[in-house]
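See below for the structure under consideration.
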Amino acid sequence: MKKIVVLGGGIAGIESAIFLRKYNFDVELISDRDYFYIYPISIWIPTKEKNFEDVIIPIKDLASAHGFKFTQDKVLKVDDDSFTLEKSGRRDDFDYLVVALGQSKLKHKGIEYTYSICANPEETLKYSEKLDELIKKGKGKLAFGFGGNPKAKEAVRGGPVFELLFNVDYYLRKLKIRDNFELTFFAPMPKPGERLGENALKMMDMMFKKLNIKSYTGKKITEFTPDGVVLEDGTKIESDLTCFIAAGDGHPAIKSGNLPQTEAGFVIVEPTNQVKDVENVYAVGDSCALEGPEWKAKQGHLAEVMARNTAYNIALKEGLEKGNPKTYIDHINILCLMDMGNGGGLAYRDDKRAMLIPLPIVGHWMKKCWGVYYKLSKLGKIPRLPGM
Ligand SMILES: Cc1cc2nc3c(=O)[nH]c(=O)nc-3n(C[C@H](O)[C@H](O)[C@H](O)COP(=O)(O)OP(=O)(O)OC[C@H]3O[C@@H](n4cnc5c(N)ncnc54)[C@H](O)[C@@H]3O)c2cc1C
């Protein structure tokens with residue numbers, strides 16, 4: 001049986017390992033964390049609707065449910081014929097390699113004074129602690145923002161910032177202390193969130209006014225300081241606690257290796273997710289460069305499509321499937337249930353439509369139910385719904 005190594009235990013890596021095992025391949029998954037962190041439901045950690053244990057699945061449980069081997073180690077470099085691990089050094093003992101290491105973040109001046117909910121999970125826990133301290137004090141200034149990457153526009157991650165901002169607003173209202181807090185949103189692009197369409201922009205603007213959230217957009221960020229954010233025109237946003245999600249950048253292990261990659265360090269893949277000109281290496285999820293329309297975005301559901309396609313396309317090469325290779329291109333859309341604490345909005349974008357459908361109250365509970373379904377179905381405890 002062919003040996004397949006999957007690098008990375010996130011949304012793309014776990015889905016790859018699960019679907020490769022359906023073809024009985026000998027699968028080893030290597031990741032630096034011993035748990036699978038479900039980013040989309042981690043937005044509720046700071047507002048105490050979820051704790052850390054609620055948003056993780058130990059990888060050993062997934063390995064035993066699906067029959068793959070798990071090795072905890074850090075990948076330092078990925079080449080077209082091998083990879084290098086921190087503890088065990090260079091390895092080339094595979095027939096196929098699937099790269100699913102996610103992405104890194106751009107560095108900004110003073111970024112150490114900010115917290116991201118899209119990076120290392122420990123940062124979300126630290127943000128949560130700092131928020132608790134301000135709540136104990138009973139007042140404070142909170143800033144929420146995200147940045148762009150001109151070399152990889154699809155690597156911008158704004159949705160979770162809006163989700164956290166609206167959830168924190170609602171949390172403070174529930175605690176009856178919202179009036180003592182100043183909430184500010186900032187982003188360097190003139191129309192942040194515009195990939196969701198004009199209606200979404202108008203709705204966001206309306207929400208900001210209704211909830212008394214200040215907004216600074218269209219001005220580059222010069223630096224972050226311990227007490228705020230300095231913008232290019234000298235404006236200073238005062239902040240006791242800043243959540244900032246820098247745009248994605250290529251993973252260091254990709255940048256150190258020889259796989260074909262974009263200027264920003266994302267792996268160049270064929271629409272089948274095979275790495276360009278490398279027969280037995282695939283890349284899936286946030287690690288790879290996306291083809292497609294201007295508004296495309298790196299998302300969890302697309303990462304899973306890539307992972308399932310990769311398992312199928314490898315099986316096809318091995319004569320275990322019949323038909324044509326599958327590609328991710330037809331699945332490029334934006335689909336996100338954006339949570340707002342006391343409701344949500346279903347954001348959808350494809351070539352023909354761009355919409356944000358408000359789902360008061362029910363939207364929040366739909367996302368909560370999705371989280372429960374996601375965990376149980378990944379562990380094989382309940383059947384999977386088609387395409388989910
Ligand atoms: C807060 C948040 C909310 C989101 N909400 C949504 C949503 O509602 N809907 C949606 O579709 N998408 C959402 N996304 C986007 C989605 O989570 C990502 O697109 C998805 O996680 C990408 O999966 P991935 O496996 O490529 O990367 P990741 O999930 O980042 O996984 C990368 C994996 O590789 C491991 N790793 C990294 N470096 C190394 C190394 N050097 N050595 C070994 N292992 C390593 C990591 O530990 C991790 O297990 C959200 C993202 C965030 C951050």
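Just so we're clear, the structure is a prediction, and the values are computed from it rather than from any experiment. All residue numbers refer to positions in the sequence shown, counting from 1. Counting starts at 1 for both ligands and their atoms, following the listed order.
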Any side-chain heavy-atom pair of Ile254 and Ser104 under 4.5 Å: no
Note, Thr310 side chain near Phe19 side chain (heavy atom, < 4.5 Å): no
Pick one of side chain, backbone, both or neither for how [X] approaches ligand 1, counting any non-hydrogen atom pair under 4.0 Å.
X	value
Ala100	backbone
His251	side chain
Arg157	side chain
Glu15	neither
Leu302	neither

Phe244 and Phe186 aromatic ring geometry - parallel, tilted or perpendicular at 30°/60° bounds: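 Plane angle under 30°, so parallel.
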Ring geometry between Phe52 and Tyr35 (parallel below 30°, tilted from 30 to 60°, perpendicular above 60°): perpendicular
Nearest neighbour of [atom] from the list [options], on a heavy-atom basis:
atom	options	value
atom 22 (C) of ligand 1	Asp286, Val75, Ile59, Ile41	Asp286
atom 13 (C) of ligand 1	Pro40, Gly8, Gly102	Pro40
atom 11 (O) of ligand 1	Cys336, Gly300, Ala12	Gly300

Nearest-neighbour protein heavy atom for atom 46 (C) of ligand 1, which is reported as residue plus atom name and distance: Asp32 OD1, 3.5 Å
Taking atom 2 (C) of ligand 1 as the reference point, the nearest protein heavy atom with its distance: Pro160 CG, 3.5 Å
Please tabulate, one pair per line, all N/O donor-acceptor pairs under 3.5 Å involving side-chain atoms of residues 134-142, not counting sequence neighbours.
| unit_1 | atom_1 | unit_2 | atom_2 | d |
| --- | --- | --- | --- | --- |
| Lys141 | NZ | Glu238 | OE1 | 2.9 |

N or O contact, Leu337 vs ligand 1, cut-off under 3.5 Å: no
Polar atom proximity, Lys367 to ligand 1 (N or O, under 3.5 Å): yes
Among Lys107, Lys105, Lys255, Lys151, the one residue meeting side chain to side chain donor-acceptor pair (under 3.5 Å) with Asp249: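 Testing Asp249 for a side chain to side chain donor-acceptor pair (under 3.5 Å) against Lys107, Lys105, Lys255, Lys151 leaves exactly one candidate, Lys255.
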ILVMFWY cluster, Leu335 and Tyr39 together (side-chain gap under 4.5 Å): no
Donor-acceptor pair between Tyr96 and Glu318 side chains, under 3.5 angstrom: yes
